Amino acid sequence: MPRSSALKRAWRYPRRWWLVGFLLLVLLAGLLGVLVFLAREYEWAREQDGLSRDVEALANDMRSELTRNTQMLQLLNTADPDIALWAQRAERVLQGHRELVRLEWRNPDMTLLVPSNSPYLGNVFQTLPRDQALPDIRRACDAATRSSGPSFSSNYFWPVAGGRGLELMEMCLPITQSGMPKGFLVGTYSLPAMMAEWAKSAVVSGRGLAFTEGDGTRLSLHSTVPGGRDLMQASALLDLPGHTLQLQLQSPRRALGLFPNVLTAVVGALSLSLLVVLMFLARDMRRRWRAERELADALAFRKAMENSLITGLRARDMQGRLTYVNPAFCDMVGWTPAQLLGTGLPAPYWPAELLDVYQQRQAVRLAGQALPREGFESMFLRRDGTHFPVLIIEAPLIDAQGTQTGWMSAVLDLSEQRRVEELNRAQQERLQATARLAMMGEMASLLSHELNQPLAAIASYANGSLNVLADPQREPDLLPSAMRQILAQADRAARVIKSVSDFVRRREQVREAVAPSDLLASIQPLVALQAGKSGIRVVTDVQVDVPLVLCDRTMVEQVLLNLARNGMQAMPTGDPPARSGWRVLTLSVQSVQPDPSTSARRWVEFAVTDHGLGLSEEAQAQLFTPFFTTKAEGMGLGLSLCRTVIEQHAGELTHAPAQPRGTVFRFRLPAAPTL
Ligand code: ADP
């Protein structure tokens with residue numbers, strides 16, 4: 001995926017989450033609102049149900065009280081009482097029943113036989129004569145006659161003293177004796193008293209109770225509640241024979257809190273907690289997203305950095321398996337990351353002939369020994385089989401917990417640097433050779449020029465002398481003087497030669513005491529370069545307590561370099577590296593035990609051993625002859641110069657066949673006197 005679109009997606013990501021969070025919040029709030037609304041509705045419906053049940057129960061209670069009263073009133077006329085007894089009985093009944101305002105015994109023609117008024121109300125029928133109620137009584141009694149049972153009249157308003165009034169209702173009960181109508185028992189009920197007597201205070205307290213018309217007009221109140229819109233009401237019908245009353249119960253609506261019941265409160269609390277959790281989650285996600293973005297940025301930065309590097313980077317775990325390689329490293333060795341990652345030891349880029357050196361270095365690493373901070377030079381193998389020198393700088397790979405998980409290495413390809421060095425060196429050598437040739441030419445012309453005169457003088461004196469000798473008569477005394485001149489000229493020629501040789505030997509003055517290992521160390525880079533290119537292993541073997549040598553450092557280095565190069569060139573490239581014994585060049589140094597019989601001087605012996613094809617007989621014969629070479633680009637001056645230098649150091653350059661094949665060149669240098 002292109003990076004820009006991935007970035008854009010990463011930027012959209014949090015905004016989408018904000019939207020999801022907001023929607024979730026709205027949804028949760030909506031759910032909570034609906035829940036609270038439904039819970040309130042449910043609570044109120046429950047209350048309404050309770051109210052309906054209560055008013056039904058009240059109506060039932062009243063119905064059964066009225067039935068009981070009817071049965072009791074039937075007893076008033078049992079056993080054919082006389083007027084006085086009836087009045088007595090009626091009085092007792094009225095005392096026990098406040099809801100009854102008056103009891104009357106009327107004849108079948110409705111004339112009043114005997115009345116009895118409630119002792120609790122005074123005379124209700126003072127303001128208006130009782131006859132005013134007669135039509136109601138008559139209608140009830142007609143109905144009672146027809147049904148041969150109790151019958152109720154419609155309720156009506158009856159004014160009493162003080163401008164007030166009562167809602168009354170008549171009940172008529174036909175009296176029969178031996179099947180013959182004996183008149184009517186009329187009971188007058190007070191509706192307010194009925195409510196006051198029969199409505200249970202527990203049910204009514206705090207509520208409004210009233211008898212109402214069908215349209216809700218209140219006829220008689222028992223109690224009221226302050227009205228408002230939050231009033232609940234329920235009605236029940238009180239079915240009576242001949243008349244139906246409607247009982248109404250009112251109750252103020254219970255004020256409900258924000259959460260009308262425990263369930264809603266619990267759900268509310270849970271929703272709130274969910275909200276809080278969501279908020280924390282959102283905050284957490286935001287932080288995580290930010291951290292991820294920073295990490296992605298850092299990663300992208302790192303990746304760009306790694307990709308732009310020309311230094312190869314490689315990480316290995318404790319077992320030596322490759323865990324990371326950067327593009328530069330892959331380019332260097334020619335393998336893809338997929339081919340490299342996970343590969344263990346030996347690494348695919350290790351030249352087979354150097355395997356033991358690498359294994360040794362790995363062992364050093366595993367032993368926990370610190371590798372040189374400035375790095376070490378090594379040789380790697382490209383996939384196409386070519387060798388190239390590298391500089392490796394290693395550091396332990398420490399994880400966040402502080403434990404080492406492997407090694408990180410920066411690998412620098414030294415091919416180019418070495419190529420330039422080699423070019424410089426070759427140029428230098430060519431320059432030196434040219435300089436040497438020029439010097440020789442100069443010396444030769446100098447010698448010929450300088451020697452020309454004395455030789456010419458000697459020749460002419462000799463000629464003159466011969467002429468004198470041929471003719472003894474001619475000035476024989478000239479002969480000794482000519483001989484003296486010849487001697488003088490020969491002397492001059494000797495002086496010229498000595499001065500030239502002095503000029504050549506002038507370098508003797510620069511002798512210094514050098515450690516043999518230093519001599520080897522100085523030529524090592526150049527030798528390693530050539531060895532690396534030809535896949536040759538160079539082994540140095542310096543005896544531990546070998547003394548310092550007294551020498552012209554530059555010249556001896558030149559000798560060692562020459563011998564090493566000859567040795568390497570003598571080893572054919574076709575030798576298989578697996579048999580690494582063939583392609584090994586050994587530079588060894590050891591001290592020679594002094595032989596007290598010949599000299600007390602201590603010597604140090606240098607040996608350069610190759611396993612090449614050895615020296616042919618012709619080569620052995622002409623080895624030190626200047627300009628003898630078997631190489632296309634050789635000058636044939638190397639070995640003769642080497643011998644001169646060694647002889648200038650009072651040593652000797654020798655050669656011998658090496659085992660199993662090859663040549664060993666040896667020379668000795670004097671040890672520096674110990675102080
Ligand atoms: P150059 O190296 O320029 O040829 P040298 O004087 O160094 O000149 O060597 C002369 C010749 O001796 C070489 O051309 C080579 O044939 C032979 N020679 C020198 N060293 C060895 C060696 N170690 N093994 C085999 N032949 C050698």
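Counting convention: from 1, in listed order, for ligands and their atoms alike. These figures come from a predicted structure and were not determined experimentally.
Atoms of ligand 1 found under 4.0 Å from any heavy atom of Gly614, numbered from 1 in the order shown, are 25 (C). Taking a cut-off of under 4.0 Å to the non-hydrogen atoms of Asp610, the atoms of ligand 1 that pass are 23 (N). Contact atoms of ligand 1 toward Thr663: 24 (N) (distance under 4.0 Å to a heavy atom of the residue). Here is the list of ligand 1 atoms found below 4.0 Å of a heavy atom in Leu623: 12 (O), 17 (C). Residue Thr629 has at least one heavy-atom neighbour below 4.0 Å for each of these atoms of ligand 1: 1 (P), 4 (O), 14 (O).
Thr630 OG1, 2.4 Å is the protein heavy atom nearest to atom 16 (O) of ligand 1. Ranking protein heavy atoms by distance to atom 26 (N) of ligand 1, first place goes to Leu615 CD2, 3.1 Å. Atom 2 (O) of ligand 1 has its closest protein heavy atom at Lys631 NZ, 2.9 Å. Looking only at protein heavy atoms, the nearest one to atom 24 (N) of ligand 1 is Ala570 CB, 3.5 Å. Closest protein heavy atom to atom 6 (O) of ligand 1: Leu639 N, 2.9 Å. Atom 10 (C) of ligand 1 has Phe628 O, 3.3 Å as its closest protein atom, hydrogens excluded (heavy atom only).
Not a single donor-acceptor pair under 3.5 Å links the side chain of His387 to the backbone N or O of Arg382. With hydrogens and angles ignored, the 3.5 Å screen pairs no side-chain donor or acceptor of Asn566 with any backbone N or O of Leu639.
Residue-level proximity to ligand 1 for Leu613 is absent, since no heavy atom of it falls below 4.0 angstrom.
Trp407 does not carry Arg316 over the face of its six-membered ring by the limits of under 6.0 Å from the centre and within 45° of the normal.
Annotation: side chain of Met408 is in contact with side chain of Leu313 (closest heavy-atom distance under 4.5 Å).
Between Arg418 and Glu421 there is a salt bridge, since a side-chain N of the basic residue sits under 4.0 Å from a carboxylate O of the acidic one. Ion pair Arg666/Glu605 flagged as a salt bridge, since at least one NZ, NE, NH1 or NH2 atom sits closer than 4.0 Å to an Asp/Glu carboxylate oxygen.
A perpendicular orientation is assigned to the rings of Phe329 and Phe380, their planes being inclined by more than 60° (bins at 30° and 60°).
Taking the ring centroids of Phe388 and Tyr349, they lie at or beyond the 6.0 Å cut-off.
For the residue pair Arg314 / Thr323, no side-chain donor-acceptor distance below 3.5 Å is found, with atom types taken as modelled.
Using 4.0 Å as the threshold, Phe665 has a heavy atom nearer than that to some atom of ligand 1.
Checked by distance only, ligand 1 and Asn566 come closer than 3.5 Å through their nitrogen or oxygen atoms.
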